Colleague: 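One structure, as structure tokens, below. Some questions next.
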Amino acid sequence: MEGKRFSLVFGYREFKPHLLVVLVQVSYTLTYFITKASFNHGMSPHVYATYRHVVAGVVMFPFAYFLERNVRPKLTFALFVEIFVLSLIGIGLGVNMYYTSLKYISPTVVASMGNTVASLTFIIAVALRLEVIDLRNPRGIAKVLGTLISLAGGMTMTLYKGPIMRNLWRPLIHIQGKSASINESWLKGSLLTISSCVTSSIWRIMQVSTLKRYPAQLSLTTWISFVGAAQSAVFTVIAEHNNPSAWIIGLNIDLWSTLYGGVVVAGLMVYIQLWCAEKKGPVFVTMFNPLSTILVSILAYFVFGEKLYFGSIIGAFIVIIGLYLLLWGKEGDREVYEKTKDKSQCSTEQPECRI
């Protein structure tokens, strides 16, 4: 009995990061449908982005204040400007475009195109000379091929719809509202999603630079949430100047989607991903991203009765193949980094460290 209990405890500790990243992807999957239902109910994506990050900032603030009191550096004007730009790219532009695209195309396409972020980040990093390509190494070739294949998949989903896949039965849950049919614009939604993926890629690269000068992750996340919410509010005032009632939400799907997005997605899930990345590395976390695409596709087609186009299926499949090729190549970078790190920390006085 004791041996069985020990085995279960050991198994839980060993696979805890795996279970947590699966939980993250399930949470993201639910986000697509909750926000889609809210937007179809009439909520403005810009209002949603504003309220969501206000909630996220309020939730993260006490943890950032108390847990990072001794490690949080002084916030200078130059550093605040950098955080302002980071918030503008990641939230003011990126998040607003991302969720606006959900008004025009299905969650399946949005989730699938999100997998191109890794490839776009790689291209930008190469352009900025932050990434090295070694075409003499199989992993270097894999990074290039994976990037090209992933982008080809994204272009397939954008430019080719193909025939509609026939639903096998009536949807079990209806999320379509009065605006679901009249707001559908495939090309507009796809371009918004691609643009948000580009800004997300730039945002990720900028985060690395900012964290070197402000190495307090919880505090930085809190600042980004509040500053991004303020920027989004300004954009919302401009976009919804003829509709002041857009700011009002009641005890309905609009409120629940905002609370879920702020507390769970922008708060708890961000912390879980940071923990998993620390334990297993960022590549481990990214490898599970296609799980959300698969879950979204299954729910959208079989449960919610969303239109599913053949081009979306082909494009998503191509994107996932490219993503895993790129991640396999990037894993080689991590192995080299770990070996270099071990050698630098290893004392030459130890016989086992000598070459």
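Please read all numbers here as calculations on a predicted model, not as lab measurements.
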Colleague: Should Phe226 and His53 count as side-chain neighbours, where that means a heavy-atom distance under 4.5 Å?
Modeller: no

Colleague: Cluster question for you: counting only ILVMFWY and a side-chain heavy-atom cut-off of under 4.5 Å, with indirect links fine, are Trp203 and Ile194 together?
Modeller: yes

Colleague: So does Leu128 have more than 12 non-hydrogen atoms from other groups sitting under 6.0 Å from CG?
Modeller: yes

Colleague: Using atom types as modelled and distance alone, determine if a side-chain donor or acceptor of Glu68 lies under 3.5 Å from a backbone N or O of Gln217.
Modeller: yes

Colleague: May I ask you to test the Leu86-Trp223 pair for a side-chain heavy-atom distance under 4.5 Å?
Modeller: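 SC-SC contact between Leu86 and Trp223 ruled out.
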
Colleague: Of all heavy-atom pairs between Phe33 and Pro107, which one has the smallest distance, and what is that distance?
Modeller: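 Nearest pair, atom of Phe33 first, then Pro107: CE2-CG, 4.2 Å.
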
Colleague: Quick check: closest heavy atoms across His18 and Val21, and the distance to 0.1 Å?
Modeller: O-CG2, 3.1 Å

Colleague: Taking side chain as C-beta onward, heavy atoms only, is Thr50 less than 4.5 Å from Trp247?
Modeller: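 Yes, at least one pair of side-chain atoms sits under 4.5 Å.
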
Colleague: Any chance you could measure Thr258, atom OG1, to Ile34, atom CD1, to the nearest 0.5 Å?
Modeller: 10.5 Å

Colleague: Are the side chains of Leu295 and Tyr28 in touch, meaning some heavy atoms are under 4.5 Å apart?
Modeller: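 Leu295 vs Tyr28: side chains apart.
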
Colleague: Under the 3.5 angstrom rule, does the side chain of Ser232 hit a backbone N or O of Ala229 as a donor-acceptor pair?
Modeller: no

Colleague: Could you check Trp256 against Asn252 for side-chain contact (heavy atoms from CB on, under 4.5 Å), going step by step and ending with a plain yes or no?
Modeller: CA-CA 7 Å; Trp256 308 131; Asn252 49 41; 5.6 Å; no

Colleague: side-chain contact (heavy atoms from CB on, under 4.5 Å), that's the test. Do Leu220 and Ile83 meet it? Break it down for me.
Modeller: CA-CA 8 Å; Leu220 181 60; Ile83 293 176; 3.9 Å; yes

Colleague: Is there a side-chain contact between Ser196 and Ser101, using heavy atoms and a 4.5 Å cut-off?
Modeller: no

Colleague: Start with the C-alpha distance between Thr193 and Tyr104, add both sets of side-chain angles, then the distance that settles side-chain contact (heavy atoms from CB on, under 4.5 Å), and finish with yes or no.
Modeller: CA-CA 10 Å; Thr193 307; Tyr104 302 103; over 6 Å; no

Colleague: May I have the step-by-step check of side-chain hydrogen bond (donor to acceptor under 3.5 Å, both in side chains) for Arg72 and Ser219, ending in yes or no?
Modeller: CA-CA 7 Å; Arg72 185 170 50 247; Ser219 299; 3.2 Å; yes

Colleague: Hydrophobic clustering (ILVMFWY, side-chain heavy atoms < 4.5 Å, transitive) - are Val117 and Ile224 grouped together?
Modeller: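 Not linked; separate clusters.
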
Colleague: Which value, rounded to the nearest 0.5 Å, describes the distance between Thr156 atom OG1 and Met113 atom CE?
Modeller: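 Result: 9.5 Å between the selected atoms.
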
Colleague: With no hydrogens and no angle check, do the side chains of Ser119 and Ser150 hold a donor and an acceptor under 3.5 Å apart?
Modeller: yes

Colleague: Verify, without hydrogens or angle tests, whether Gln231 (side chain) and Leu88 (backbone) share a donor-acceptor contact under 3.5 angstrom.
Modeller: yes

Colleague: Can you tell me how far CZ of Arg139 sits from CD1 of Ile141, rounded to the nearest 0.5 angstrom?
Modeller: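 Taking CD1 in Ile141 and CZ in Arg139, the distance rounds to 12.5 Å.
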
Colleague: I'd like to know if the side chain of Thr116 reaches the main chain of Leu151, judged simply by a donor and an acceptor atom lying under 3.5 Å from each other, with no hydrogens or angles considered.
Modeller: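 No; judged by distance alone, with no hydrogens or angles, the pair does not exist.
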
Colleague: Can you give me the closest heavy-atom contact between Pro215 and Pro73, atom names plus distance?
Modeller: CD-CG, 3.9 Å

Colleague: Backbone N or O of Pro45 within a donor-acceptor pair of the Thr100 side chain at under 3.5 Å?
Modeller: no

Colleague: Could you tell me whether the side chain of Lys36 and the main chain of Leu102 form a donor-acceptor pair under 3.5 Å?
Modeller: yes

Colleague: Which atoms form the tightest heavy-atom contact between Ser27 and Tyr260, and what is the distance?
Modeller: O-OH, 2.9 Å

Colleague: Heavy atoms only: give me the nearest Gly146-Leu325 pair and the separation to one decimal.
Modeller: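 Taking every non-hydrogen atom into account, CA-CB, 3.6 Å.
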
Colleague: When you look at CZ of Arg136, are more than 12 heavy atoms from neighbouring residues, nucleotides or ligands closer to it than 6.0 Å?
Modeller: no

Colleague: Side chains of Arg52 and Tyr99: do they bring a donor and an acceptor to under 3.5 Å?
Modeller: yes

Colleague: Any idea which heavy atoms bring Met43 and Tyr48 closest together, and the distance?
Modeller: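 It is CE-CA, 3.6 Å.
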
Colleague: Consider only side-chain heavy atoms of I, L, V, M, F, W and Y, link residues closer than 4.5 Å, and tell whether Ile202 and Tyr98 are in one cluster.
Modeller: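 Shared cluster, yes.
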
Colleague: I'd like to know if the side chain of Thr35 and the backbone of Tyr32 have a donor-acceptor N/O pair within less than 3.5 Å.
Modeller: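 Judged by distance alone, yes, a pair lies under 3.5 Å.
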
Colleague: Roughly how far apart are Ile91 CD1 and Ser200 OG, rounded to 0.5 Å?
Modeller: 11.0 Å

Colleague: Which one of Lys212, Arg213, Gln207 satisfies the side-chain hydrogen bond (donor to acceptor under 3.5 Å, both in side chains) criterion with Ser209?
Modeller: Arg213

Colleague: Would Tyr51 and Leu259 satisfy side-chain contact (heavy atoms from CB on, under 4.5 Å), going step by step from the backbone distance to the final call?
Modeller: CA-CA 9 Å; Tyr51 285 160; Leu259 292 177; over 6 Å; no

Colleague: Would you say the side chain of Phe39 lies within less than 4.5 Å of the side chain of Ser44, judging by non-hydrogen atoms?
Modeller: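 Not in contact.
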
Colleague: When rounded to the nearest 0.5 angstrom, what is the spacing between CD in Gln25 and CG in Leu30?
Modeller: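 The CG atom of Leu30 is 11.5 Å from CD of Gln25, to the nearest 0.5 Å.
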
Colleague: Group every Ile, Leu, Val, Met, Phe, Trp and Tyr by side-chain heavy-atom contacts under 4.5 Å, then state whether Leu148 and Leu135 land in the same group.
Modeller: yes

Colleague: Hey, are the side chains of Val319 and Ser112 touching, using non-hydrogen atoms and a 4.5 Å cut-off?
Modeller: no

Colleague: Between atom CG of Asn96 and atom OG1 of Thr199, what is the distance when rounded to the nearest 0.5 Å?
Modeller: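 Asn96 atom CG to Thr199 atom OG1 measures 10.0 Å (nearest 0.5 Å).
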
Colleague: Hey, mind stepping through Ser38 and Asn40 against side-chain hydrogen bond (donor to acceptor under 3.5 Å, both in side chains) and telling me if it holds?
Modeller: CA-CA 5 Å; Ser38 180; Asn40 288 344; over 6 Å; no

Colleague: Please determine whether residues Val264 and Val58 belong to a single hydrophobic cluster, defined as Ile, Leu, Val, Met, Phe, Trp and Tyr linked transitively by side-chain heavy-atom distances below 4.5 Å.
Modeller: no

